[in-house]
Amino acid sequence: MTILVTGGAGFIGANFVLRWCDATDETVVNLDKLTYSGNLGSLHALSGNERHLFVRGDVADAELVAGLLAEHRPRAILHFAAETHVDRSIHGPADFVQTNVVGTFTLLDAALEYWRSGNCPDDFRFLNVSTDEVYGSLDEDEPPADEAHRYAPNSPYSASKAAADHLVRSYFHTYGLPTISTQCSNNYGPLQFPEKLIPLMTVYASRGDALPVYGDGKNVRDWLYVDDHCDALCRVLADGVPGEVYNIAGNCEMTNLEVVAAICAELDEWLPALDSGPRSGLVEFVEDRPGHDRRYALSTAKIGEQLGWQPGESFASGIRKTVKWYLDNQAWLDDVTSGQYRQWLDLNYSNRASNV
Ligand code: NAD
Ligand code: TYD
């Protein structure tokens, strides 16, 4: 048996592939373009493993994708590949439309051809990994979004993911392709590119640098430990119903300031004290992200009741493991933070005036 994973050199995809290769005897074909956020170093534990076939390529390359499906005859496609960073989508939305919309369309179309070809296993699934951001910003007193919540994407990133979700839905309803979408909340854990909140703040605070919190720091996100997410995806792949959507979240809503404080408290325990005092004193409020969504929150009642899944990790235990992982994996960080990364930090942070 074989599965095709796209974006398996990125944060969640790599965690998933490592886990899958460990827990099953199935082959993984891993299609990844290796953009700035894809890193083969994340997969070094699989070097020499014949059940992991890495292919460098673009999900928007129709010929390549069709060839991989015909050759490897996967029983499932798990589609992680995407442009994923909201701030980058503000500076350059075109890549988001190309990969997230055109790329997903290309993959769906190739999957449809393959599914109709007679060359495809009967229980084939197309699993589209998406985001809570498609539901837009929730008010403080609104209940968490369930799967029937209206779509209201507010950033070029979330709009491109919403467009992809609609295409996925249409391929089920129009052609019967057995698709499933999952909408997950903010993931954290090992192997996340340090442009996102948790690894960025961990790296900065460990060095004693200022911690750039956007706006008033009271934006709320739900935090999901990446292993819990991978566990949920396995559950959805095994028992999820084609045409359905499943929310996946950590049931853990926190403000950005609370998250940063938790990271600082961990680092204060692990590292020598700073002369300036506790690391939470490094917080600097900077100009807000344009269109910054105030709150995301997801109801996980459906996946809990129908598939028996619930998150296993508390934020306290998950953040402890995560911070420790970044402290212990400086070589990985050095590897992913190339010159291009420094250019990104200059572009995103140099023009954000401090609000204090
Ligand atoms: P990531 O940015 O860490 O990794 C994305 C991977 O996709 C990289 O390896 C990159 O090289 C690859 N890629 C990009 N464009 C490609 C293309 N055109 N063809 C092939 N490969 C390409 O992202 P992630 O955090 O691992 O996210 C994985 C998925 O989960 C995405 O679809 C994202 O929208 C979704 N998601 C992530 C989060 C989160 O908190 N990280 C939350 C909700 C949803
Ligand atoms: P991020 O990790 O970019 O995920 P998303 O925007 O997809 O939720 O950001 C999480 C939250 O942290 C979001 O409210 C923006 C905020 N943030 C900062 O305050 N400072 C930063 O430097 C970054 C990267 C994010």
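For ligands, and for the atoms within them, numbers begin at 1 and follow the listed sequence. Excluded from the calculations below are hydrogen atoms, water molecules and symmetry mates; all remaining heavy atoms, backbone and side chain alike, are included.
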Would you say ligand 2 has an N or O under 3.5 Å from any N or O of Glu133?
yes
Taking atom NE2 as the centre, does His44 end up with more than 12 heavy-atom neighbours from other residues, nucleotides or ligands that are less than 6.0 angstrom away?
no
Centre-to-centre under 6.0 Å for Tyr225 and Phe315, is that the case here?
no
Note the single closest protein heavy atom to atom 42 (C) of ligand 1, along with its residue, its atom name and the distance in Å.
Ser185 O, 3.3 Å
Asp32 and ligand 1 - part of the residue with a heavy-atom distance under 4.0 Å:
both
Can you tell me which portion of Asp293 lies within the under-4.0 Å heavy-atom range of ligand 2? Options are side chain, backbone, both, or neither.
neither
Would Arg88 and Tyr36 count as a cation-pi pair here, with the cationic atom under 6.0 angstrom from the ring centre and within 45° of the axis?
yes
Closest heavy-atom approach to atom 6 (O) of ligand 2 among Arg88, Lys196, Arg221, Arg289 is made by Arg289
Which residue owns the protein heavy atom closest to atom 26 (O) of ligand 1, what's the atom, and how far is it?
Ile12 N, 2.7 Å
Checking contacts here: is it the side chain or the backbone of Glu195 that comes within 4.0 Å of ligand 2, counting heavy atoms only? Could be both or neither.
backbone
Answer yes when Arg294 and Asp216 have at least one side-chain N-carboxylate O distance shorter than 4.0 Å, and no when they do not.
yes
Please determine if Glu142 and Arg295 form a salt bridge, counting it only when a charged side-chain N lies under 4.0 Å from a carboxylate O.
no
Using a 6.0 Å distance limit plus a 45 degree cone around the ring axis, check whether Lys302 lies over the aromatic ring of Tyr246.
yes
Heavy-atom contact under 4.0 Å between Tyr349 and ligand 2?
yes
Under 4.0 Å, heavy atoms only, figure out whether ligand 2 is touched by the backbone of Val286, its side chain, both or neither.
neither
My understanding is that we take every heavy atom of each candidate and find the minimum distance to atom 4 (O) of ligand 2. Doing that for Asn186, Thr131, Asp288, which one comes out nearest?
Asn186
Atoms of ligand 2 close to Val213 [distance to a heavy atom under 4.0 angstrom, numbered from 1]
19 (O)
Residue-ligand contact Phe193/ligand 1, heavy atom below 4.0 Å
no
Polar atom proximity, Tyr36 to ligand 1 (N or O, under 3.5 Å):
no
Does the Lys NZ or Arg CZ of Arg352 fall within the cation-pi geometry relative to Tyr214 - under 6.0 Å from the ring centre and within 45° of the axis?
yes
So for ligand 1, is Asn187 a polar contact partner (N or O within less than 3.5 Å, distance only)?
yes
Taking atom 10 (C) of ligand 1 as the reference point, the nearest protein heavy atom with its distance
Thr35 OG1, 3.3 Å
Any atom of ligand 1 sitting under 4.0 Å from a heavy atom of Tyr188?
no
Got a donor-acceptor contact below 3.5 angstrom from the Arg235 side chain to the Leu307 backbone?
yes
Atom 2 (O) of ligand 1 sits nearest the protein heavy atom Thr84 OG1, 2.7 Å
Check each atom of ligand 1 against the heavy atoms of Leu34 and keep those under 4.0 Å away; list them by number with element.
11 (O)
